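Below is one structure, written out as structure tokens; comments come after it.
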Amino acid sequence: MSVSQFDLSAFEEEAHEKWTHSFESNPSKLEKYYLNVAFPYPSGAMHVGHGRTYIVPDVVARYQRMKGKQVLFPMAFHVTGAPVVGISKRIANKDEKTIRLYRDLYRVPQNVLDEFTDPLTIVKHFANEYQRVMTACGLSIDWRRRFITVDPTYSKFIEWQWKHLYEAGHVIKGVHPVRYCTVDDNPVGDHDLLEGDKAEVIKFTLVMFRFGDAFIPCATLRPETIHGVTNLWANPTVTYVKALVDGRAWIISKEAAEKLVLQDHTVEIREEIKGSDLVDKKVSHPLCGEVPILPAEFVDPDMASGMVMSVPAHAPFDYIALRDLQQAGKYTTIKPIPLIKVEGYGEVPAQFAVEKAAIANQMDSRMDALTQEIYSAEFSKGKLFAQYGGKPVKIARDEVAELMTEKYDSVVMYEFDQRPVICRCGNRVKVKILHDQWFLKYSDPAWKQEVSDHLKDMALVPPEVRVEFDRTVDWLKDWACTRRVGLGTRFPWDKQQLIEPLSDSTVYMAYYTIAHKIREIDPKLLTPEVFDYIFLGKKSDDLPQKKKLDAMREEFLYWYPYDFRFSAKDLISNHLTFQIFHHCTVFEGQKKFLPKGMVVFGMGLLNGAKMSSSKGNVFLLEDAVSEFGGDTVRMFLMGSAEPWQDFDWRNELVLSTKKQIERFYNTVMEIKDASGEPHDIDRWLMSRLQEHIARTTEALDNFQTRQALQEAYFGIETDLKWYRRRMPKDCDGSRDLHTLCSVWTRLLAPFIPFTGEHLWKEMAGEGLISFAPWPVADKKLVNEKIELAEELLARTVEDIESIRKLIQITPKSITIALAPAWKHDIFRMIATASDRNSVIKEIMKDENMRKRGKEATDAAKQCTTLIHRLPPYVVEPLAREPINEKAVFDSAKAFLEQEFGVPVHIVEAEGSGLVKALTALPFKPAIIIE
RNA sequence: GGGAGGAUAGGAAAGCUGGCCAACUCCGCCGGACUUAAGAUCCGGUCCUUAGUGGUUCAUGGGUUCGAAUCCCAUUCCUCCCA
């Protein structure tokens with residue numbers, strides 16, 4: 001008895017035992033199916049959102065396996081990059097927040113946590129955790145092929161890959177601005193920031209105003225507004241410095257002087273100048289003439305050069321600052337100078353906008369939004385006045401910047417678009433220009449062309465993402481591909497640097513095919529020639545361990561290219577596109593090895609809010625599995641949304657999923673051994689079953705896990721309910737139910753493999769259900785007539801119930817009156833008519849109909865309505881051939897009487913003498929309850 | 001700012017090559033049956049109205065059409081990506 005109890009954790013234990021090496025997959029005679037997932041960066045524990053990412057491909061893998069394919073589903077761990085280095089530092093520094101996250105949320109034991117001061121220990125720990133939890137989820141992964149991206153062997157593979165990229169001319173050297181901490185003396189990654197992780201580096205133009213023998217540089221994003229400059233702003237409370245920058249005298253804030261050093265300038269500070277001493281002095285620029293310096297306390301010395309040029313006609317801040325001064329009776333001769341015409345903002349846009357929004361002073365919180373609004377409006381729609389060239393702002397901006405750089409000493413200065421940006425160490429982050437920065441030249445049009453050509457031949461799921469890929473390829477710019485900190489493979493042409501994490505994980509899908517075998521060879525022997533041989537078939541002398549290489553070559557040729565890659569949609573604009581670029585280069589001229597398809601996922605929500613480890617809004621996958629069971633988690637994640645849609649995890653919904661599995665299990669256990677003789681209703685059940693098989697198969701072919709579950713689970717369950725209702729009281733069901741159970745269990749096996757294995761054993765199925773044959777729909781068992789008869793019966797039962805509810809009397813008998821043959825004729829004529837409007841005329845031409853007069857036209861109208869109302873799968877067969885309604889109801893008489901507990905009479909409407917019987921229509925008999 | 005997608009019952013979600021659509025299905029809730037009870041299961045209900053009917057609905061406003069949740073335009077809001 002205890003064996004047949006529904007006990008998920010017992011099933012799980014049983015299955016794990018059977019599966020130990022089952023999913024290790026080798027080349028064989030069978031057709032192959034290779035799928036893979038973007039590998040995880042194991043810096044923390046898995047949450048349920050991760051669960052779906054790996055369960056969807058597992059369902060597909062299991063499905064394809066049952067279809068008889070040789071399936072490869074590998075997994076590895078991406079440990080390269082900087083984040084984990086930051087984490088280890090924070091743990092070493094006893095950062096409370098980080099420690100709490102790892103100790104309390106991820107539940108890392110203290111003795112392990114103590115070791116986390118070493119970054120590699122962190123990723124290795126969580127890689128093992130990942131494997132453990134993935135296994136608990138029933139993922140059918142070939143773990144022999146597991147690797148991490150800092151394995152020496154893998155590094156050799158990366159070096160080989162980059163050699164090809166380099167030789168193809170895709171790796172170039174350039175300069176690059178980065179966030180930089182001068183205390184740590186290192187670039188700062190997102191995860192190393194205390195504040196300002198959204199800040200971006202913006203390229204400003206320094207407009208050089210002449211001030212005696214020196215320059216005063218003002219940073220701007222809008223150099224074209226130089227024509228409208230009325231003054232500069234200096235902060236009277238700030239101490240400025242006069243410094244020799246690249247040999248020429250500049251007046252800038254102290255902070256700016258420090259920043260310029262990081263941006264390729266030599267800076268020697270000569271003297272300090274008080275801001276107040278600058279006020280009311282004059283400066284000049286060839287494009288705007290002489291203007292005064294005005295005082296303004298809003299000027300931030302830590303923003304770019306610490307001096308600001310004022311364009312009151314187009315910048316709300318400048319406008320208000322000037323207005324405030326003038327209201328105090330100062331500088332009243334200065335007038336805003338408009339220079340850009342923009343529709344809908346009057347003569348002086350800044351003034352117009354400020355007045356429209358009724359902004360009182362500089363402190364108004366809407367100022368930033370307003371500035372942004374004007375900036376955007378002028379950029380997209382604005383045009384310079386004719387005297388300044390008349391060009392659109394979009395074009396003029398770059399032209400003016402170029403002119404200033406060439407003729408008027410302007411230079412570029414990088415600064416953040418928002419502040420403050422603060423490092424973990426508490427120091428202000430600055431922008432530094434890095435030299436020796438290497439780039440992947442994704443901007444290369446020829447390379448783009450190869451990628452976009454191949455993209456056309458790839459299967460993309462869902463199809464809507466194709467435009468996003470096309471756009472990404474179109475827009476992609478050069479990508480900085482080396483870093484100075486973190487874990488990773490050394491960059492071959494500059495050993496001081498590392499290959500950046502997104503750039504070292506683009507062709508590893510090929511590496512999976514040989515990962516378990518290449519380990520046997522000493523990494524020192526893994527020259528590029530070795531990989532050239534394995535992956536490209538290029539022969540060369542002195543290849544080591546030729547036999548092993550041949551075996552690897554064979555694996556690669558068998559598995560590659562991969563059939564589908566699964567990944568979340570936020571990777572479209574980088575990783576998923578990069579990997580196509582890299583494949584195109586590495587497998588240059590070998591189109592048959594390029595990726596075949598991709599499935600892109602939506603995001604995960606927890607109780608309606610976005611999942612986020614840092615905010616603590618996560619539910620750990622491990623907890624979910626132990627609380628609800630692996631099958632429950634799987635079925636919930638697969639059934640709540642299609643893979644590419646966002647899904648929402650809610651515990652109460654998960655709980656009801658568990659009940660569903662239990663219901664399924666109990667039902668199967670109860671009926672699997674039924675042995676009665678089949679009735680008509682069994683033929684109906686078998687007929688319906690074929691459709692569920694076909695639809696489930698089709699859904700899975702399209703990766704629609706939700707649709708597939710809907711068909712395979714609820715579709716069959718609903719049929720069974722009707723089936724049991726239709727069974728005579730004393731009958732336990734026929735031996736056909738055994739077939740149904742076998743099919744049903746197999747259809748669900750990819751989703752709930754643990755329960756599947758257990759039931760398979762209970763049903764004495766051969767081998768493991770994981771490798772059992774996928775059911776195939778048998779067209780011969782589809783019986784349209786029987787389905788139609790049941791449909792008629794079900795609809796009639798429904799009608800009787802709704803009438804009974806309405807009249808609220810205790811019925812003594814029910815009479816079902818069937819429509820006469822001539823109404824069937826009308827029905828058929830209308831259903832087959834090409835023009836349903838004129839068909840009534842046609843009908844009335846008939847002698848027999850005409851003599852019935854109004855009765856016939858009424859019936860025709862009602863039939864038309866009915867035909868519109870019935871689904872096509874009912875109308876079509878009825879149009880071909882009427883069904884024998886009398887026979888249907890006669891044989892169901894016992895059922896109906898049992899259902900309603902009163903005598904049921906079946907009569908022909910015509911000649912019954914009942915008034916209500918006249919409303920009888922084909923497929924809709926009249927019902928008289930007394 | 002540029003790009004992509006979306007807005008349907010209490011929640012989730014199907015339908016979206018125009019007529020079958022008050023709208024598959026699941027969850028929740030309400031009522032009933034079974035049960036000592038709970039749970040499970042089964043039946044019914046869940047916009048208004050009603051002898052199985054009819055009406056009003058699918059973010060808002062407009063358009064195309066004999067006819068639109070479904071096509072087109074505008075607006076509002078949401079999500080994601082890039083800047």
Side-chain angles (χ1 to χ4, degrees), chain A residues 6 198 200-203 372-373 375-381 394 417 462-472 474-477 568-574 576-577 600-603 605 607-608 610 635-636 639-642 644-660 662-663 666-667 670 695 704 706-707 709-711 713-715 717-718 720-722 724-725 795-809 811 816 831 836-837 862 864-876 899 916 919-921 924-930:
Chain A
F6 178 73
K198 283 258 167 177
E200 295 195 45
V201 175
I202 307 272
K203 191 174 173 180
Q372 185 63 40
E373 180 192 328
Y375 179 95
S376 303
E378 295 189 345
F379 182 72
S380 55
K381 294 182 290 187
K394 255 181 246 192
D417 62 342
E464 299 88 65
V465 299
R466 185 172 293 277
V467 280
E468 274 210 66
F469 274 104
D470 288 340
R471 210 195 105 266
T472 303
D474 212 37
W475 277 74
L476 212 51
K477 300 190 181 89
K569 68 178 168 194
D570 52 351
L571 295 184
I572 292 178
S573 57
N574 47 55
L576 288 176
T577 307
V600 178
F601 290 155
M603 313 299 246
L605 302 176
N607 298 322
K610 199 170 173 180
M635 180 153 151
F636 175 78
S640 64
E642 298 295 4
W644 41 89
Q645 295 171 323
D646 296 351
F647 78 96
D648 192 4
W649 178 280
R650 288 173 197 263
N651 277 359
E652 67 271 20
L653 297 190
V654 180
L655 210 58
S656 68
T657 303
K658 184 170 188 179
K659 286 184 203 157
Q660 284 160 2
E662 184 168 4
R663 206 157 69 214
N666 290 336
T667 307
E670 195 179 307
R695 293 211 193 106
Q704 294 165 292
R706 181 187 146 88
Q707 179 67 35
L709 263 179
Q710 208 77 246
E711 274 300 328
Y713 183 84
F714 299 108
E717 193 191 38
T718 306
L720 265 179
K721 275 186 200 168
W722 178 250
R724 288 170 145 182
R725 212 170 149 186
R795 280 169 184 266
T796 307
V797 167
E798 232 172 78
D799 280 353
I800 294 173
E801 276 166 354
S802 55
I803 295 171
R804 202 175 54 157
K805 190 136 301 133
L806 285 168
I807 55 174
Q808 297 201 334
I809 57 165
I816 294 171
R836 282 176 188 172
N837 294 317
Q862 288 158 357
T864 310
T865 317
L866 182 65
I867 285 169
H868 278 302
R869 196 150 286 160
L870 291 172
Y873 65 82
V874 168
V875 175
E876 276 163 27
E899 278 282 306
K916 280 206 170 12
T919 62
L921 289 174
K924 197 162 183 59
I927 294 155
I928 301 100
I929 299 178
E930 284 161 330

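Here the structure is a predicted model, which means the values were calculated and not measured. Lettering of chains follows the sequences in order, A, B, ..., and the numbering in each one begins at 1.
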Can you check the distance between B:C42 and B:U8, where both ends of the measurement are the C1' atom (answer in whole Å)?
30 Å
Without decimals, in angstroms, what is the distance between A:Y713 OH and B:U25 P?
15 Å
Would you mind telling me which residue lines up with the more 5' stretch of RNA chain B, A:E468 or A:N574, judged by nearest nucleotide?
A:E468
Same-atom distance (C1') from B:A13 to B:G6, integer angstrom:
14 Å
Separation of A:E711 atom CD from B:A13 atom P, in whole Å?
19 Å
Separation of atom CZ in A:R695 from atom C1' in B:U25, rounded to whole Å
13 Å
Toward the 5' end of RNA chain B, by each residue's nearest nucleotide, A:R471 or A:S573:
A:R471
Between A:W475 (CH2) and B:C81 (P), how many Å, whole number?
17 Å
Please determine, for B:A22, whether a Watson-Crick or G-U wobble partner exists with both distances under 3.5 Å, and give it or none.
none
Rounded to whole angstroms, how far apart are NZ on A:K721 and C1' on B:U25?
11 Å
Can you see if the side chain of A:K659 gets near the phosphate of B:A40 - specifically, an N or O under 4.0 Å from OP1 or OP2?
yes
Taking any heavy-atom pair under 4.0 Å as a contact, classify A:E662: base, sugar-phosphate, or nothing.
nothing
Expressed as a whole number of angstroms, how long is the span from A:I800:CD1 to B:G52:C1'?
10 Å
Using whole Å, report how far CZ of A:R663 lies from P of B:U25.
14 Å
Looking at every strand, decide which applies to A:P462 at a 4.0 Å heavy-atom threshold: base, sugar-phosphate, or nothing.
nothing
In whole Å, measure the gap between the P atoms of B:U17 and B:C72 for me.
10 Å
Pairwise P distance for B:A51 and B:U46, with rounding to whole Å
15 Å
Pick the P atom in B:C30 and in B:G39, then give their distance to the nearest Å.
11 Å
Under 3.5 Å on both distances, the Watson-Crick or G-U partner of B:G31:
B:C43
Whole angstroms only, please: what is the CD-C1' distance between A:Q660 and B:U25?
11 Å
